[in-house]
2 protein chains.
Amino acid sequence: MPRGATLRDVAGRVGVSPRTVSRVVNDEGGFSEATRVRVLEAVEDLGYQPNMLARGLITRRSGTVGLVGVDMTDPFFPAMADGIQNAARETGRTMFFASNDGDPQLQAEVFRSLWSHAVDGVIVFPAPGTIEQLAGYAKRGMPLVVVDDIVEFPNLASVSFDLEDGATKAAQHLLATGRRRIGMIGSEVAVPRTRRRERGFLQAFENPPAGVQPPELVRARPTIHGGAEGLQTLLERRPDLDGIFAFNDSMAVGAMRAAQAYGYRVPDDIAIAGCNDIEMSALVNPGLTTIRLDRPRLSAEAIRVLHELIEEPARNPTPVVLPVELVIREST
Amino acid sequence: MPRGATLRDVAGRVGVSPRTVSRVVNDEGGFSEATRVRVLEAVEDLGYQPNMLARGLITRRSGTVGLVGVDMTDPFFPAMADGIQNAARETGRTMFFASNDGDPQLQAEVFRSLWSHAVDGVIVFPAPGTIEQLAGYAKRGMPLVVVDDIVEFPNLASVSFDLEDGATKAAQHLLATGRRRIGMIGSEVAVPRTRRRERGFLQAFENPPAGVQPPELVRARPTIHGGAEGLQTLLERRPDLDGIFAFNDSMAVGAMRAAQAYGYRVPDDIAIAGCNDIEMSALVNPGLTTIRLDRPRLSAEAIRVLHELIEEPARNPTPVVLPVELVIREST
DNA sequence: AACGATGGCGTCAACGTTGACGTAAGTCAA
DNA sequence: TTGACTTACGTCAACGTTGACGCCATCGTT
């Protein structure tokens, strides 16, 4: 609830109309050099800051963008926020930040609020099954970029990593290093994008080298705990597995701990690969082989696409899919 | 740039004045049950959402709070953001989120922007040496809570952990478990609050048990790398050290890795304790003894104090200092 | 000398909402 | 029957800014 100087205050001090001060502040032209100098002096003196609420009310640009993630405490997420913040800063925008906890209801609430605040655009990691909800906002004219999923909807952009290919790469790596009895611990969260990793994984087995056995697949919660449980289930089915690909690094770490607890040596007895390359992955022992995502690139693309949408709405952008890279450490 | 239904649209549909619709929407009273029902129906039909810009312009409450951290990618920080977001949600506010990268200049920019957006209040982890800057905004009427530092300034609240006591506890624990040649790796970032941990550490040696040697102190960057460097410097000076307290857990992990690389066994040859209890600390091998901070409590207190300040400005709150707890794992 | 173009302003209304105030009809007590 | 109160609205202005438009010098052309 700041109560700072207004255009009128500045105008009164300089002896011009508020409209002229506005022109100077926004560098619209239509004023003499002499007035410019005097106005800017007064602006400085009074510490004038334009009121974005008033400005936004009339220009229909609030100078804000929203970032909506699933879970703030997911380390994946702040890195993204950082990139977006910096890009937003350059275009003079400030960032709203919220999470949906994977709950469509909560996400709806968040979007109502963002809409109320007249955000210029939103980047969102969608809660499961909310594409329709989001498409609704896009149709109402809110520039919207969906991250981490591939969607094709009018007025809705999407940016994601090619994790299908990543999973294929991981599986191929396991095969190339001589593993023959391979399992995957998938995520039990049932949205299309989680399934893509399974599809990529299975694809590596379509023309397998000699002696490769059909891959094994279980699903668990995408957490460290879930990874441990998933590994246990896998080993109960096939104690002779010699290679594991986990849905994400948290699960891979959980699986690694569990395998070691059962007396398996990693990577000698069993190789383990994850996905996402979170910070922890380089620090565990042995270091985790994983799929690295170029997150700065993701934020850069997301914000780029968002700005395109803000500047030129009502177009149908094609989904952006970013390549990923296999990082080989000691766990395979 | 949403362009949704307005009070006028709703009013036109129902056949009342916009003012009446406003009264219903804000539940001000002064309308009949019949109109209430009809208005709410129309609100539903048209998907009316109040425009916070217009509302904020006149009520001088924008329905937003700001959270300004040092570094978004610090895992400490999103947890805080999460707590604040939930609390803010309950009072119908949305959260701006920004980082200052420890740079006073950048922080100034962030605050200009937040001021422009008429935030109702801000919670900030201050960049070094910016208390005056912040006090300026507080004086101009912006409710402001400083986190992680103890400040006493008019109109400025502060909430922090008692890390001085935490450091004392860690040192006492090292002494109690028989360590006699103890070093500390401090942070080279020179702000008062980083020094507090050193003070607390040294305090444990004021009445030492028999045979305790004077403690050793070096400073390094507060990162994993810095921790490794700090340990190296310490061991060069005193290869016989048997206990280390690090400024934070990242440094402690770096120090642990370095010590192991030099052939020291942890904890047999040398005990290591950290501070902050980040997620990694429980996962490294051996598990890291550390000082646990009740972060949910910190966010709760910060937002509580902020709301007090928003509801009743112009008071001089007393600093809140929260107790901390020693968590003993295998590294000591 | 007359004319159009241009530069440098000012005026007015509007964005969507709420605060302050007004008013007509109804209620109730004396 | 009067008058004081209350209920249920409506009217108007204001918040701080910008879009649209208008006005008056000045200047260059013909």
Side-chain angles (χ1 to χ4, degrees), chain A residues 1-40 42-43 46-64 92 112-113 115-120 141, chain B residues 1-40 42-43 46-64 92 115-120 141:
Chain A
M1 32 105 64
R3 168 182 297 253
T6 73
L7 285 182
R8 280 190 51 209
D9 300 331
V10 178
R13 182 176 248 248
V14 178
V16 295
S17 79
R19 192 62 186 82
T20 296
V21 178
S22 169
R23 277 192 265 256
V24 172
V25 168
N26 293 14
D27 206 20
E28 285 179 38
F31 47 81
S32 70
E33 176 62 15
T35 7
R36 195 185 69 85
V37 171
R38 286 168 54 227
V39 165
L40 289 184
V43 163
L46 297 175
Y48 168 77
Q49 286 288 123
N51 182 324
M52 299 299 267
L53 302 189
R55 177 183 289 178
L57 193 52
I58 184 149
T59 61
R60 311 195 151 279
R61 301 248 162 142
S62 63
T64 59
R112 264 197 298 277
S113 169
W115 177 272
S116 259
H117 285 286
V119 285
D120 296 337
Chain B
M1 34 112 52
R3 168 183 296 256
T6 71
L7 285 181
R8 281 191 50 208
D9 301 331
V10 179
R13 181 175 248 248
V14 179
V16 296
S17 78
R19 193 62 185 81
T20 295
V21 178
S22 168
R23 277 191 266 256
V24 172
V25 169
N26 293 9
D27 205 21
E28 285 178 39
F31 45 82
S32 69
E33 177 61 17
T35 15
R36 194 185 70 85
V37 171
R38 287 169 52 227
V39 165
L40 289 183
V43 162
L46 298 175
Y48 168 78
Q49 286 287 123
N51 182 324
M52 297 299 263
L53 302 188
R55 177 183 288 178
L57 193 54
I58 184 150
T59 61
R60 309 194 154 277
R61 300 248 163 143
S62 63
T64 59
W115 178 271
S116 260
H117 284 285
V119 286
D120 295 338

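Chain A is the first sequence line, chain B the second, and so forth, proteins listed ahead of strands; every chain is numbered from 1. These numbers come from a predicted model, not from an experiment.
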Are any protein N/O atoms closer than 3.5 Å to N/O atoms in nucleotides 23-27 of chain C? If there are, list each pair with its distance.
none

Nearest atoms (heavy-atom pairs only) where A/Arg55 meets A/Asn26: NH2-OD1, 3.3 Å
Rounded distance in Å - CD (A/Glu28) to C1' (D/dG19): 9 Å
Distances under 3.5 Å between nitrogen or oxygen atoms of protein and nucleotides 9-15 of chain C:
from	atom 1	to	atom 2	distance (Å)
C/dC9	OP2	A/Ser32	N	2.8
C/dC9	OP2	A/Ser32	OG	2.9
C/dC9	OP2	A/Thr35	OG1	2.6
C/dG10	OP1	A/Ser17	N	3.2
C/dG10	OP2	A/Ser17	N	2.7
C/dG10	OP2	A/Ser17	OG	2.7
C/dG10	OP2	A/Thr20	OG1	2.6
C/dG10	N7	A/Arg23	NH2	2.7
C/dG10	O6	A/Arg23	NH1	3.2
C/dG10	O6	A/Arg23	NH2	3.2
C/dC15	O3'	A/Arg60	NH2	3.2

Please name the pair of heavy atoms, one in B/Leu57 and one in A/Ala54, separated by the smallest distance, quoted to 0.1 Å. CD1-CB, 3.7 Å
Just wondering, do B/Val39 and B/Val43 contact through their side chains at under 4.5 Å, heavy atoms? yes
End-to-end axis angle, where each axis spans five pairs of the helix from C/dA1-D/dT30 to C/dA30-D/dT1, to 10°: 50°
Minimum heavy-atom distance B/Ser62-B/Ala118, with the two atoms named: OG-O, 2.7 Å
Whole angstrom is fine here: how far is it from CZ in A/Arg55 over to P in C/dG16? 18 Å
Taking CG from B/Leu53 and P from C/dT17, how many angstroms apart are they, rounded to a whole number? 10 Å
At what distance, to the nearest 0.5 angstrom, does OG1 of B/Thr35 lie from CG of B/Leu40? 10.0 Å
Report yes if at least one side-chain N or O of A/Thr59 is closer than 4.0 Å to OP1 or OP2 of D/dT18; otherwise report no. no
For the backbone of B/Pro50 and the side chain of A/Ser116, can you confirm whether one donor and one acceptor N or O come within less than 3.5 Å of each other? yes
Flag side-chain contact, heavy atom, 4.5 Å: B/His117 against B/Thr64: no
Could you list all the salt bridge (charged side-chain N to carboxylate O under 4.0 Å, His left out) pairs where at least one residue sits in residues 29-38 of chain B, not counting sequence neighbours? B/Glu33-B/Arg36
Please output the side-chain donor-acceptor pairs of residues 9-24 of chain A that fall under 3.5 Å, not counting sequence neighbours, one pair per line with the distance.
from	atom 1	to	atom 2	distance (Å)
A/Asp9	OD2	A/Thr6	N	2.8
A/Arg13	NH1	A/Asp45	OD2	2.8
A/Ser17	OG	A/Arg19	N	3.4
A/Ser17	OG	A/Thr20	N	3.4

Whole-Å gap separating P (D/dT18) and OH (A/Tyr48): 6 Å
Rounded to the nearest 0.5 Å, how far does CZ of A/Arg60 lie from CG of B/Leu53? 9.5 Å
Protein-nucleotide distance (B/Leu46, atom CG; C/dG16, atom P), rounded to Å: 14 Å
Does a side-chain heavy-atom distance below 4.5 Å link B/Tyr48 with B/Val25? yes
